[in-house]
Amino acid sequence: MYRQEQEWNRAGVQLSRQTMSNWVLRVAEDWLKPVYEELHRRLLQRQVLHADETTLQVLKLEGRTARSKCYMWLYRTSGDAKSPVVLYEYRPTRKAENAAAFLESFSGWLHADGYAGYHRRLPKNIRVVGCWAYLRRKFDEAYITNFCTMIWATASAEA
């Protein structure tokens with residue numbers, strides 16, 4: 001908004017960042033929120049969903065220290081969806097209640113990582129299934145450890 005304000009000022013139009021910010025908020029509320037809500041409704045009708053969350057640094061958050069860790073939650077349809085839906089939801093915490101609230105009317109399979117919030121806090125009509133990438137990573141770690149131990153033992157025996 002700062003750069004746009006400067007650009008408009010150079011063009012002779014006095015347009016404040018506050019005014020442009022209010023426009024963005026109004027567009028988001030009046031036009032984008034209904035689209036998001038419809039996509040959310042369609043997402044929850046699917047039988048299989050994926051979920052994950054990742055940290056997000058927030059510089060100023062009321063009641064919390066500067067540079068607090070917050071979370072961006074991701075929910076998406078599975079790969080078989082003809083019209084994929086991917087939705088993000090910002091939340092200041094990683095509490096399991098965030099996923100429970102977002103998935104309130106969902107019933108089906110939820111593909112997620114090992115975060116306990118998915119496995120312990122969701123209603124029984126949501127079956128949480130684990131991510132193969134995490135399992136494969138453990139096999140890779142075990143294989144590499146075993147391989148390195150075998151090489152070290154062979155090298156030690158030859159010495």
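For R94 and Y115, the positive end sits near the middle of the six-membered ring, less than 6.0 Å away and at most 45° from its axis.
Taken to the nearest 0.5 Å, the CG atom of L49 stands 6.5 Å off from the CG atom of L103. A distance of 4.0 Å separates CG of L44 from OG of S105, quoted to the nearest 0.5 Å. Taking CD from Q6 and CG from L15, the interatomic distance works out to 11.5 Å, rounded to the nearest 0.5 Å. The CG atom of N125 sits 11.0 Å away from the CG atom of L110 when rounded to the nearest 0.5 Å. Put simply, CD on Q47 and CZ on R127 are 13.0 Å apart, with the number rounded to the nearest 0.5 Å. Residue I126 holds its CD1 atom at 9.5 Å from CD of E104, rounded to the nearest 0.5 Å.
Contact annotation: the side chain of Y71 never approaches that of T54 to less than 4.5 Å [non-hydrogen atoms, C-beta and beyond]. Under the 4.5 Å side-chain criterion, counting only non-hydrogen atoms from C-beta, L74 is not in contact with L87. Contact annotation: the side chain of K69 never approaches that of Q57 to less than 4.5 Å [non-hydrogen atoms, C-beta and beyond].
W73 and R91 make their closest contact through NE1-CB, 3.7 Å (heavy atoms, listed as atom of the first residue, atom of the second, distance). The two atoms that bring R46 and A81 nearest to each other are NH2-CA, 3.7 Å, heavy atoms only. Residues H119 and V128 share a closest heavy-atom pair of CE1-CG1, 3.3 Å.
Partners of Q18 according to the side-chain contact (heavy atoms from CB on, under 4.5 Å) rule, which considers only residues two or more places apart in sequence or in another chain, are S16, N22. For the side-chain contact (heavy atoms from CB on, under 4.5 Å) test, residues two or more places apart in sequence or in another chain that qualify with R26 are D30. Residues meeting the side-chain hydrogen bond (donor to acceptor under 3.5 Å, both in side chains) test with R3, sequence neighbours left out: none. Under the ring pair (Phe, Tyr, Trp, His ring centres under 6.0 Å) criterion, Y90 pairs with no residue at all, not counting sequence neighbours.
A donor-acceptor contact shorter than 3.5 Å is absent between the side chain of T77 and the backbone of P84. Proximity of a side-chain donor or acceptor of N98 to a complementary backbone N or O of T93 within less than 3.5 Å is detected.
Few gaps surround CD on Q45; more than 12 heavy atoms of other groups in view lie less than 6.0 Å from it. More than 12 heavy atoms of other residues, nucleotides or ligands shown are found within 6.0 angstrom of CD on E38. Residue W8 qualifies as open at atom CH2: its count of foreign heavy atoms under 6.0 Å is 12 or below. Within 6.0 Å of CZ in R17 there are more than 12 heavy atoms belonging to other residues, nucleotides or ligands.
Residues in residues 9-65 take part in these ring-ring contact (aromatic ring centres under 6.0 Å, His included) pairs, two or more places apart or across chains: H40-F102, H50-H111.
Two different hydrophobic clusters hold M1 and V27 under the rule that ILVMFWY side chains link at heavy-atom gaps under 4.5 Å. When the side chains of ILVMFWY residues are joined at heavy-atom separations under 4.5 Å, either directly or via intervening members, V85 and V35 end up in a single hydrophobic cluster.
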message: Would E89 and M72 count as a side-chain contact (heavy atoms from CB on, under 4.5 Å) here? Give the steps.
response: CA-CA 6 Å; E89 184 181 48; M72 187 64 70; 5.9 Å; no
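Applying the 4.5 Å side-chain rule to ILVMFWY residues, one finds V48, W109 in the same cluster as V129.
Side-chain atoms of Y75 and E53 form no donor-acceptor pair, as typed in the model, at a separation below 3.5 Å.
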